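Each remark here refers to the structure printed beneath this line.
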Amino acid sequence: MSAGFQRARRPEQVEARRRAILAVAGELLAERPVADISLRELSCRVGLAKSNVIRYFDSREAIFLEVLDSAWTAWLDDLEEALGEPGPAEPGFAREERIAGTIAATLTGRRVLCELLSSMAPVLERNIPEEFARSFKRRATANTERLGELVRARVPELPPSAARHFARGVVVLVSGSWPAANPTAAVAAAEPGAAPEFGLAEGLTNLLAGLVARQG
């Protein structure tokens, strides 16, 4: 442990320590997939023993779920700006194609967010206590609801249930497409050039256009 890293006692010290741990987790995610990052490595990078890191977070998985929540909300902030103000009707499904394309483009540039979304249900939610799970799921639901509201503001004929369905579909498509487009080194070596592109735009367009068409 770093000699200068004393145990935090005051609330502001605890919060500073938590922010430091999350910042290191983000740095590691920029280097490699979450599955390749151990709690030991993260602790060493921070300058703390594993047992001390657990004083601030319930588990390795809880750390990365916190990073996911921050990345998710930051993306939604940027997406709202990228979508712009709601506009007039457009011919055909041009509006749906534009909205879906904007969502896809903004997600494609956020590797950490896509990596964590694809690991959320199968990996990260498997080793967290009930209280933290309850808190995280509330935040995840709020993020999904916000995405649905952003889309519905621009596609007002969508009922709230359809907008929520689309928002959940975005998460499902990312979760399925990201691992396939980013195979492990062994799979990439075994099948060079076989990994599909991380192409979300067409799938999101079809989903959104289909939901709109069903309202007609």
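Predicted, not measured: the structure shown is a model, and the values here were computed from it.
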Roughly how far, to the nearest 0.5 Å, is the [atom2] atom of [Y] from the [atom1] atom of [X]?
{"X": "Leu211", "Y": "His165", "atom1": "CG", "atom2": "NE2", "result": "5.5 Å"}
{"X": "Ser119", "Y": "Trp178", "atom1": "OG", "atom2": "CH2", "result": "10.5 Å"}
{"X": "Thr106", "Y": "Leu79", "atom1": "OG1", "atom2": "CG", "result": "4.5 Å"}
{"X": "Asp69", "Y": "Arg138", "atom1": "CG", "atom2": "CZ", "result": "11.5 Å"}
{"X": "Leu150", "Y": "Phe166", "atom1": "CG", "atom2": "CZ", "result": "11.0 Å"}
{"X": "Leu204", "Y": "Ser177", "atom1": "CG", "atom2": "OG", "result": "8.5 Å"}

Is it true that [X] and [Y] have a side-chain N and a carboxylate O under 4.0 angstrom from each other?
{"X": "Arg154", "Y": "Glu80", "result": "no"}
{"X": "Glu125", "Y": "Lys137", "result": "yes"}
{"X": "Arg32", "Y": "Glu41", "result": "yes"}

Please list every donor-acceptor pair under 3.5 Å in which a side-chain atom of residues 155-162 meets a protein atom from a residue at least two apart or in another chain.
residue, atom, partner, partner atom, Å
Glu157, OE1, Arg95, NH1, 3.3
Glu157, OE2, Arg95, NH1, 3.3
Glu157, OE2, Arg95, NH2, 2.3

Could you check Ile37, Val24, Ile21 and say which one makes a side chain to side chain contact (heavy atoms under 4.5 Å, CB included) with Arg45? Val24
Scan side-chain atoms only and decide if Tyr56 and Arg18 contain a donor-acceptor pair under the 3.5 Å cut-off. no
Are a donor atom and an acceptor atom from the side chains of Arg146 and Asn143 found within less than 3.5 Å of each other? no
Hey, mind stepping through Val34 and Arg60 against side chain to side chain contact (heavy atoms under 4.5 Å, CB included) and telling me if it holds? CA-CA 10 Å; Val34 65; Arg60 164 190 172 274; 3.7 Å; yes
Considering residues, nucleotides and ligands other than Glu130, do more than 12 of their heavy atoms fall under 6.0 Å from its CD? no
For Glu81, I'd like to know if atom CD has over 12 heavy atoms of other residues, nucleotides or ligands within 6.0 Å. no
Check against side chain to side chain contact (heavy atoms under 4.5 Å, CB included), Arg110 and Glu115: CA-CA 9 Å; Arg110 292 177 178 265; Glu115 167 73 23; over 6 Å; no
Any residue meeting salt bridge (Lys or Arg N to Asp or Glu O under 4.0 Å) with Glu12, in chain and number order, not counting sequence neighbours: Arg10
Going by salt bridge (Lys or Arg N to Asp or Glu O under 4.0 Å), name the residues that satisfy it together with Arg152, two or more places apart in sequence or in a different chain. none
Please say yes or no: joined through hydrophobic side-chain contacts below 4.5 Å, possibly via intermediate residues, are Leu107 and Val172 part of one cluster? no
Tell me whether Leu65 shares a hydrophobic cluster with Val123, the cluster being built from Ile, Leu, Val, Met, Phe, Trp, Tyr side chains joined at under 4.5 Å. yes
If a pair satisfies ring pair (Phe, Tyr, Trp, His ring centres under 6.0 Å) and one of its residues is in residues 62-97, list it, with sequence neighbours excluded. none
Please report the shortest heavy-atom distance between Pro179 and Ser175, naming the atom on each side. CD-O, 3.0 Å
Sequence neighbours left out, what passes side chain to side chain contact (heavy atoms under 4.5 Å, CB included) with Thr108? Give chain and number order. Phe198
Which donor-acceptor pairs under 3.5 Å do side chains of residues 98-105 form with protein atoms, sequence neighbours excluded?
residue, atom, partner, partner atom, Å
Arg98, NE, Glu90, OE2, 3.2
Arg98, NH2, Glu90, OE2, 2.6
Thr102, OG1, Arg98, O, 2.9

